[in-house]
Amino acid sequence: MKETPVKVAAEDGRIVEPPTSDDSPLAVRGLTVSYGDKPAVFSVDTIVPQGSMMAIVGPNGAGKSTLLKAVLGIVKPLSGTVSIFGESLSEAQQRVAYVPQRASVDWDFPTRVIDVVLMGLYRELGLLGWLTNRHRKTARACLERVGMVEFAERQIGQLSGGQQQRVFLARALAQDADLYLLDEPFSGVDAATEKAIIDVLKSLKSQNKTVVCVHHDLATVADYFDRVLLINVQKIAEGPVATTFTAENLQRTYGGRLAATHIDDLQLPAG
Amino acid sequence: MGSEFVMLSLTPILIGILASIACALPGNFLVLRRQALIGDAISHVVLPGIVVAFLLTGTVASLPMMIGAAGAATIAVILIETIKRLGRIEPGAAMGVVFTSMFAGGVLLLEQSDTSSVHLDVEHALMGNLESLVWFAADGWSSLLDPVALAALPPELPRIAAVCALVAGLTYLFWRPLKISTFDEGFAQSMGIPTTAISIGLVIAAAVAAVAAFDAVGSIIVIAMFICPPAAARLMTNRLEVQVGWSTVFAVVSAVLGYVFAGYGPLWLGGQHAVSAAGMIATVSGVILGLACLFGPQRKRVGEAATD
Amino acid sequence: MWTTFLDALLLQAGYNAALVAVGAALLGVAAGTTGTFLVLRKRALVSDAIAHATLPGIGLAFICMIALGGDGRNLAGLMLGSALTAAAGLLLVAWISRATRLSEDAAIGAVLSVFFGFGIVLLTLIQTMSSGRQAGLDGLLLGSTAGMLFQDGIIIAVGGALAVAAVFALRRPMTLVAFDAEFAKASGWNVGYIDLAIMGLVLGVTVIGLKIVGLILIVAMLIIPAVSARFWTERTEHVVLGAGLIGGLSGYVGAALSASAPAVPTGPIIVLVCAFLFVLSLLFAPIRGVLASLLRHRRFQVRVHRRQGLLALAHSEAIHDRMTLAVLRRDGLIRADGVATDIGRAQAAKALLDERRWEIVRQLQFAEGAKANFDGLTPIEGVLTKDELAEVDRRLGPLSIVGG
């Protein structure tokens with residue numbers, strides 16, 4: 001159910017259409033989400049090109065996770081549209097994989113590592129599809145990619161924070177999608193895990209898959225990503241890291257909350 | 001002994017077992033979702049549900065009663081959600097408001113209407129009448145093959161058997177969506193699983209189990225079986241599949257031992273009359289949970305959830 | 001029936017009925033205020049476990065009193081017994097949720113059902129005892145004031161008054177802990193003891209309420225007044241007062257109603273009066289009531305769409321959203337064919353100016369608080385002072401860029 005946009009004439013009579021990209025992995029237009037009477041995300045537009053690795057960056061409470069959740073249909077937007085590969089979310093569901101925040105689930109849940117990864121295959125298995133050795137092999141291969149295959153039979157509560165994050169990533173790999181949406185995958189993990197995760201994400205990129213991460217560590221943005229979306233409730237800037245991730249844009253995103261010395265440490269190109 | 005057992009004890013024990021399993025199965029998910037007290041709420045709102053169904057239809061037929069109870073449970077859940085959101089009030093308080101009010105309304109309706117002709121009163125609602133569900137037509141184990149005797153089985157037995165099979169079937173069919181939306185609701189939603197429908201479906205299934213069990217065994221068993229066997233089972237294992245198995249075993253053991261202790265316990269102690277089987281089944285399930293709390297191999301929390 | 005009800009309301013329906021009404025009102029006040037702290041501590045349903053755990057105590061007390069040759073129905077004795085098992089239930093809930101991986105709600109449900117089940121076993125045991133004086137115990141399930149003894153009325157009235165006095169004496173520390181336990185701890189209060197005091201009061205209210213409201217529904221008297229009062233005000237002290245008022249009113253009116261319908265258990269009547277006050281609060285309270293919330297949300301949604309639409313006009317972008325178009329048309333900001341009107345252009349320019357001003361504000365060091373409050377909707381004049389705004393405009397440069 002696509003809506004035909006109403007063309008609005010500007011003062012000088014020009015008619016301007018927003019850039020359209022009908023089959024880009026993720027296109028968001030005018031997305032507003034509010035909790036109660038305060039918008040968490042206000043009128044955000046973004047178009048993510050195929051094969052890019054994009055970081056969503058902004059201060060705490062800037063609506064980064066909310067934006068991701070609205071894209072996935074987990075929270076209901078107040079207005080705006082989301083299209084994935086030119087289709088609605090429900091049509092393109094099987095092409096999207098999601099890694100939620102680690103803290104969002106109860107790690108005391110009675111289940112093992114391998115069971116969590118197998119959840120990534122539920123869409124393929126359906127309600128009663130028989131779980132075969134092929135599925136178990138797929139799940140173990142995904143665990144292998146994140147270096148966790150030895151932990152397959154462990155209860156999930158016994159894992160460290162970094163290991164839990166790797167299990168979530170393995171589950172997303174099992175979904176075998178074209179667009180990967182990750183919510184703070186590097187939050188509170190050890191250095192080894194951080195490296196393991198970024199290696200996997202880069203290998204996804206090399207397969208021309210698209211990766212979008214909510215990210216909070218400004219120091220690693222330039223190393224890890226090729227695109228960045230700066231938001232603070234509204235979109236501040238968006239584009240290639242080299243031209244967009246500038247001191248000036250960061251100042252606009254974070255305001256006084258980011259000390260000038262901190263920005264200097266990032267050794268960014270001048271704005 | 002054999003014929004007396006078949007006539008007086010076989011059907012109550014079977015009904016007790018089936019009712020316990022029907023409640024314990026959804027109870028596993030309620031406990032894991034930190035919604036154990038939804039079971040408490042449901043068992044309270046079943047009363048107004050069946051009273052209204054009775055007043056509307058004038059009969060105590062089981063289908064209208066089940067619809068009434070399921071309807072009352074659905075209304076209760078919607079009200080709880082509304083109050084929680086609008087008032088920004090903790091779920092426990094919202095639940096407390098709704099189920100006590102509805103229960104009070106049910107009691108008042110019951111007292112105001114003429115239900116003397118039918119077996120519908122508050123005491124029955126609490127304690128059930130498990131002991132009275134005897135199989136008069138039976139004269140021994142051979143009656144199990146006798147169509148005439150089988151036709152005279154107390155109707156509660158086939159009813160609870162059907163509901164138990166239904167609940168087990170639904171649990172099997174929706175195992176994957178239930179498991180994933182209980183563990184990680186956001187991820188489940190991102191896969192397109194309708195988690196709200198799943199939660200409401202779980203509550204309705206629990207309500208159907210509750211009303212079928214309630215009819216035969218009263219609301220005490222219903223609450224106890226929603227919570228005690230699954231809670232004890234959680235302390236035995238770290239795998240959901242195994243946990244559900246343990247909870248079924250505990251439910252069966254509670255029903256059998258509870259019935260036997262209620263019927264024969266007082267005699268062993270020199271008394272003359274049996275005590276409430278429903279109460280005793282709940283007590284036994286509590287003792288099992290107590291033992292699991294003390295000795296269950298997985299009773300302790302390991303690795304706390306994420307640090308941030 | 002109406003005259004009996006009016007008589008009861010005016011305390012003219014006899015000495016006993018008057019005592020019951022006063023006792024129920026005091027109980028309601030004590031339950032409402034105590035319950036507020038319980039609800040604010042997010043432990044509302046612990047009271048349900050406490051209430052149901054009184055039943056075995058009642059049974060055991062009855063058996064003991066008979067065994068000692070006394071009257072099994074002595075209310076003071078039954079209250080003592082019920083308090084003991086209720087305390088045991090409370091301790092078990094705390095132990096299960098501390099020592100095992102089970103959460104508190106599972107512990108509450110388990111204790112509630114098992115204690116109640118065991119209590120029912122004891123009641124059936126008592127029924128079979130040859131004493132034949134068991135009648136009256138099941139009145140404690142749902143409350144019954146019919147044929148209540150004068151001395152029982154005194155016990156309830158005095159107990160209710162004592163509970164109210166205790167809440168009054170402890171109101172400051174309890175408010176502090178309920179509002180912010182961390183702060184209370186830092187200011188030197190022992191949060192554990194105060195929680196214990198709250199639970200002790202809940203236990204006291206439960207035991208006093210056994211005869212009037214009954215153990216199944218006493219939890220309603222603890223929770224419903226607090227939740228109702230919450231809809232009317234955001235301030236803790238006012239919630240406490242409001243809950244006391246609602247609880248007292250429910251107890252008084254409920255007891256008077258039940259005096260005119262003696263065959264019906266008192267508990268459900270009192271609870272239904274309370275539930276009626278709750279429904280009124282839910283629907284019509286001006287702060288959080290359903291009507292007020294619906295109106296507020298609708299207004300908010302219109303504001304969002306209006307602002308988004310104006311920005312789109314200013315940026316000469318196409319508008320996709322139907323509701324945005326409808327709002328703009330309704331306010332005369334665009335014509336039916338989607339072209340902006342003069343007013344629309346003027347307001348779009350203002351929206352764009354505010355947008356650019358915010359850009360500047362984000363880069364400035366002042367107005368940190370204002371930045372935190374930024375939501376894209378509040379007019380900038382309402383957030384910044386005049387001189388701050390002038391500073392922003394100075395940095396923004398000539399206004400000619402607007403609409404460019």
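Naming convention: chains lettered A, B, ... in sequence-line order (proteins, then strands); numbering from 1 in each chain.
A heavy-atom distance below 4.5 Å is found between the side chains of B/Cys228 and C/Ser113. Considering only heavy atoms from C-beta on, B/Val46 stays 4.5 Å or farther from B/Ser219 through its side chain. Residues C/Ile216 and B/His44 have side chains in contact (heavy-atom distance under 4.5 Å, counting atoms from C-beta outward). Contact check for B/Met225 versus B/Ser285: side-chain heavy atoms found under the 4.5 Å cut-off. A 4.5 Å side-chain heavy-atom check between B/Leu235 and B/Cys293 finds at least one atom pair inside the cut-off. Within the 4.5 Å cutoff, the side chain of B/Ile281 has heavy atoms near those of the B/Leu130 side chain.
Per-residue heavy-atom pair counts under 4.5 Å with chain B were compared for C/Ala275, C/Gly119, C/Ala107, C/Ala220, and the maximum is reached by C/Ala220. Ranked by heavy-atom pairs shorter than 4.5 Å toward chain B, the options C/Val39, C/Leu102, C/Ile224 are led by C/Leu102. Between chain B and the residues C/Leu112, C/Val219, C/Leu40, the largest count of heavy-atom pairs under 4.5 Å involves C/Leu112. The candidate from B/Gly258, B/Ala231, B/Ala94, B/Gly96 with the greatest count of non-hydrogen atom pairs under 4.5 Å with chain C is B/Ala231. Between chain B and the options C/Phe115, C/Phe276, C/Trp95, the largest number of non-hydrogen pairs under 4.5 Å is found for C/Trp95. Comparing B/Ser276, B/Ala292, B/Ala282 by how many heavy-atom pairs each has under 4.5 Å with chain C, the most go to B/Ser276. Comparing B/Val287, B/Thr82, B/Val222, B/Ile83 by how many heavy-atom pairs each has under 4.5 Å with chain C, the most go to B/Ile83.
Heavy atoms of B/Ile227 lying under 4.5 Å from chain C belong exclusively to its side chain. In this structure, the portion of B/Met95 lying under 4.5 Å from any heavy atom of chain C is its side chain and not its backbone. Looking at B/Ala93, both its backbone and its side chain come within 4.5 Å of chain C, counting heavy atoms on both sides. Heavy-atom distances place the side chain of C/Ile96, and not its backbone, under 4.5 Å from chain B. Both the backbone and the side chain of C/Asp105 have a heavy atom closer than 4.5 Å to some heavy atom of chain B. Heavy atoms closer than 4.5 Å to chain C are found in both the backbone and the side chain of B/Leu37. When heavy atoms are compared at a cutoff of 4.5 Å, C/Leu142 approaches chain B solely by way of its side chain, counted from C-beta outward. Heavy-atom distances place no part of C/Leu122 under 4.5 Å from chain B, backbone and side chain included. Of the two parts of C/Phe231, only the side chain, counted from C-beta on, holds a non-hydrogen atom closer than 4.5 Å to a non-hydrogen atom of chain B. Residue B/Phe226 does not touch chain C at all, counting heavy-atom pairs closer than 4.5 Å. Residue contact with chain B, scored on non-hydrogen atoms closer than 4.5 Å, is absent for C/Arg41.
Aromatic ring orientation, C/His297 versus C/Phe300: tilted (interplanar angle from 30° to 60°).
Considering B/Leu108, B/Val107, B/Leu109 in turn, B/Val107 is the only one that fulfils the side chain to side chain contact (heavy atoms under 4.5 Å, CB included) rule with B/Glu111.
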**Request:** For B/Asn28 and B/Arg33, run side-chain hydrogen bond (donor to acceptor under 3.5 Å, both in side chains): C-alpha distance rounded to whole Å, both residues' side-chain angles, the deciding distance at 0.1 Å, then the answer.
**Result:** CA-CA 9 Å; B/Asn28 279 290; B/Arg33 288 165 172 246; over 6 Å; no

**Message:** Between B/Thr237 and B/Trp246, is the side-chain hydrogen bond (donor to acceptor under 3.5 Å, both in side chains) condition met? List the steps.
**Reply:** CA-CA 9 Å; B/Thr237 171; B/Trp246 272 112; 5.6 Å; no

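The shortest heavy-atom contact between C/Val202 and C/Ser47 is CG1-CB, 3.8 Å.
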